[in-house]
Trainee: 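Handing you this structure, nothing more for now.
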Amino acid sequence: MRIVVSYDIPDDARRLKMAALLKSYGERVQLSVFEAELNPYQLKSLLGKIRELMEPEDSVRVYLLGKDWKKRTLTLGRATPLSFPEDDVI
């Protein structure tokens, strides 16, 4: 499933760790926004790691886009839609 993760983390070191964690699962699409294509096990693992990294002052949002994510995603301006391997499967 395609997910979008955004975060607002005031601490620089923790914010960098969050970015590195999310980069290991997906692609950065904005400064604090990542997209990833994950199976349920990977999603559970990622959520556990996010929770371990977070402090009370941090905010993280995870959007589960579902099967029809392409219909629900608009890309405007300089942004380029990401392509994941299963995008090539018809």
Trainee: CG of Leu22 to NZ of Lys49: how many Å apart, nearest 0.5 Å?
Mentor: 11.0 Å
Trainee: How many angstroms lie between CH2 in Trp69 and CG in Leu64, if you round to the nearest 0.5 Å?
Mentor: 14.5 Å
Trainee: Please lay out, stage by stage, how Val4 and Val62 fare under the test side-chain contact (heavy atoms from CB on, under 4.5 Å).
Mentor: CA-CA 6 Å; Val4 175; Val62 179; over 6 Å; no
Trainee: Quick check: is Leu16 connected to Leu53 through a chain of hydrophobic side chains (ILVMFWY, heavy atoms under 4.5 Å apart)?
Mentor: no
Trainee: Looking at Lys70, Lys23, Arg2, which one forms a salt bridge (Lys or Arg N to Asp or Glu O under 4.0 Å) with Glu35?
Mentor: Arg2
Trainee: Provide the closest heavy-atom pair for Ala19 versus Arg28 in the form atom of the first, atom of the second, distance.
Mentor: CB-NH2, 3.4 Å
Trainee: On a heavy-atom basis, which atom in Tyr25 and which in Ala36 lie closest, and how many Å separate them?
Mentor: O-CB, 3.4 Å
Trainee: To the nearest 0.5 Å, what is the distance between CD (Glu37) and CD1 (Ile3)?
Mentor: 9.0 Å
Trainee: At their closest point, which heavy atom of Leu31 faces which heavy atom of Tyr7, and how far apart are they?
Mentor: O-OH, 3.5 Å
Trainee: Name all residues meeting the side chain to side chain contact (heavy atoms under 4.5 Å, CB included) criterion together with Glu55; count only those two or more places apart in sequence or in a different chain, and write none if there are none.
Mentor: Arg14, Glu57, Asp58
Trainee: Find the distance between CG (Asp11) and CE (Met18) and round it off to the nearest 0.5 Å.
Mentor: 11.0 Å
Trainee: Calculate, to the nearest 0.5 Å, the distance between atoms OG and OH belonging to Ser6 and Tyr63 respectively.
Mentor: 4.5 Å
Trainee: Could you tell me the separation between the NZ atom of Lys71 and the CG atom of Asp68, rounded to the nearest 0.5 Å?
Mentor: 4.5 Å
Trainee: Would you say Val60 ends up clustered with Met1 if hydrophobic residues are merged whenever their side chains have heavy atoms under 4.5 Å apart, either directly or through other cluster members?
Mentor: yes
Trainee: Any side-chain heavy-atom pair from Val5 and Val33 closer than 4.5 angstrom?
Mentor: no
